[in-house]
Amino acid sequence: MTSTTTDILDSYARLADRFGAVVDHVRASAWDAPSPCEGWSARDVLAHVVTSQRGFLAQRGIDASTSHPLDVDGPTDSATDPRTGWHAHDDRMRELLADPAVAGMEYDGVFGRTTVGQSLVAFHGFDLVVHRWDIAVAAGLDERLGDDELAMLERSADGFGDHLYDDGVCKPALTVPDGADRQERVLARLGRRSPAEV
């Protein structure tokens, strides 16, 4: 494994570990609770994270599917345990990113030439952080984002520019009250209101 591949895998693993820690703390009864993503339950948010990663890889001829019965490509099944489904997917992603041929695969992205590994950490890493918070809110958990994660979200938002508010990305930015902390300000920029402000 090259050092670049190791860096990509380590970066993905840090984000996925934090995401998985929230997934593991969601009560079974909370998976169908509404999330900050309008019209989506916590279960739907998780399905979105998984299908987005799988879809991105499938476009490049990489199969990231698993044998877990979690139905993330169609109607959600409330009888299926999302936690085991997430961990099966996460294990598969780590297996793929450990392969230099996958992590280093180049392609022309929206913002220029890049690699599969870089996109999974940068673009899909954005999803892992933001949607971790969305799932936590749906489950009634108090989730704090680290300074490194907030900095990443700020950089990503700057990089997206006006595309940040394209349909299906983020809702328009919200105003924040005086004295709002950094997390509240970043989330408001992404169209999300901290539960404490509601």
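By convention here, the first residue in the shown sequence is residue 1.
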Compare all side-chain heavy atoms of [X] with those of [Y] and state whether any distance is below 4.5 angstrom.
{"X": "Asp99", "Y": "Glu95", "value": "no"}
{"X": "Trp133", "Y": "Pro36", "value": "yes"}
{"X": "Arg60", "Y": "Val116", "value": "yes"}
{"X": "Tyr107", "Y": "Ser119", "value": "yes"}
{"X": "Arg132", "Y": "Val23", "value": "no"}
{"X": "Val129", "Y": "Met152", "value": "yes"}
{"X": "Leu141", "Y": "His25", "value": "yes"}
{"X": "His89", "Y": "Thr51", "value": "no"}

[X] to [Y] - nearest heavy-atom pair and separation:
{"X": "Leu15", "Y": "Val121", "answer": "CD1-O, 3.9 Å"}
{"X": "Ala157", "Y": "Leu190", "answer": "CB-CD2, 4.5 Å"}
{"X": "Phe126", "Y": "Ser156", "answer": "CD1-CB, 3.4 Å"}
{"X": "Ala139", "Y": "Ala30", "answer": "CA-CB, 4.0 Å"}
{"X": "Ile8", "Y": "Ala103", "answer": "CG2-CB, 4.4 Å"}
{"X": "Arg43", "Y": "Pro82", "answer": "NH1-CG, 3.4 Å"}

Expected output: side-chain [X] to main-chain [Y] donor-acceptor under 3.5 Å:
{"X": "Ser35", "Y": "Trp40", "value": "yes"}
{"X": "Asp44", "Y": "Ser41", "value": "yes"}
{"X": "Arg192", "Y": "Val130", "value": "no"}
{"X": "Gln53", "Y": "Val50", "value": "no"}

Please determine whether a side-chain nitrogen of the Lys or Arg among [X] and [Y] lies less than 4.0 Å from a carboxylate oxygen of the Asp or Glu.
{"X": "Glu143", "Y": "Arg18", "value": "no"}
{"X": "Arg14", "Y": "Asp148", "value": "no"}
{"X": "Arg189", "Y": "Asp158", "value": "yes"}
{"X": "Asp10", "Y": "Arg94", "value": "no"}
{"X": "Asp63", "Y": "Arg92", "value": "no"}
{"X": "Asp24", "Y": "Arg83", "value": "no"}

* To do: Begin with the C-alpha distance, continue with both residues' side-chain angles, and end with the deciding distance and a verdict on salt bridge (Lys or Arg N to Asp or Glu O under 4.0 Å) for Glu154 and Arg182.
  => CA-CA 10 Å; Glu154 290 167 335; Arg182 186 184 185 188; 2.7 Å; yes
If I take atom [atom1] from residue [X] and atom [atom2] from residue [Y], how far apart are they, to the nearest 0.5 angstrom?
{"X": "Leu145", "Y": "Leu153", "atom1": "CG", "atom2": "CG", "value": "6.5 Å"}
{"X": "Thr5", "Y": "Leu97", "atom1": "OG1", "atom2": "CG", "value": "9.0 Å"}
{"X": "Leu120", "Y": "Asp127", "atom1": "CG", "atom2": "CG", "value": "11.0 Å"}
{"X": "Asp147", "Y": "Gln183", "atom1": "CG", "atom2": "CD", "value": "10.0 Å"}
{"X": "Met93", "Y": "Leu128", "atom1": "CE", "atom2": "CG", "value": "8.5 Å"}

* Just say parallel, tilted or perpendicular for the rings of His131 and His48, cut-offs at 30° and 60°. => perpendicular
* Could you give me the CA-CA distance, side-chain angles and deciding distance for Met105 and Ile62, then say whether side-chain contact (heavy atoms from CB on, under 4.5 Å) is met? => CA-CA 10 Å; Met105 180 185 292; Ile62 303 166; 3.9 Å; yes
* Phe19 ring center within less than 6.0 Å of Tyr12 ring center -> no
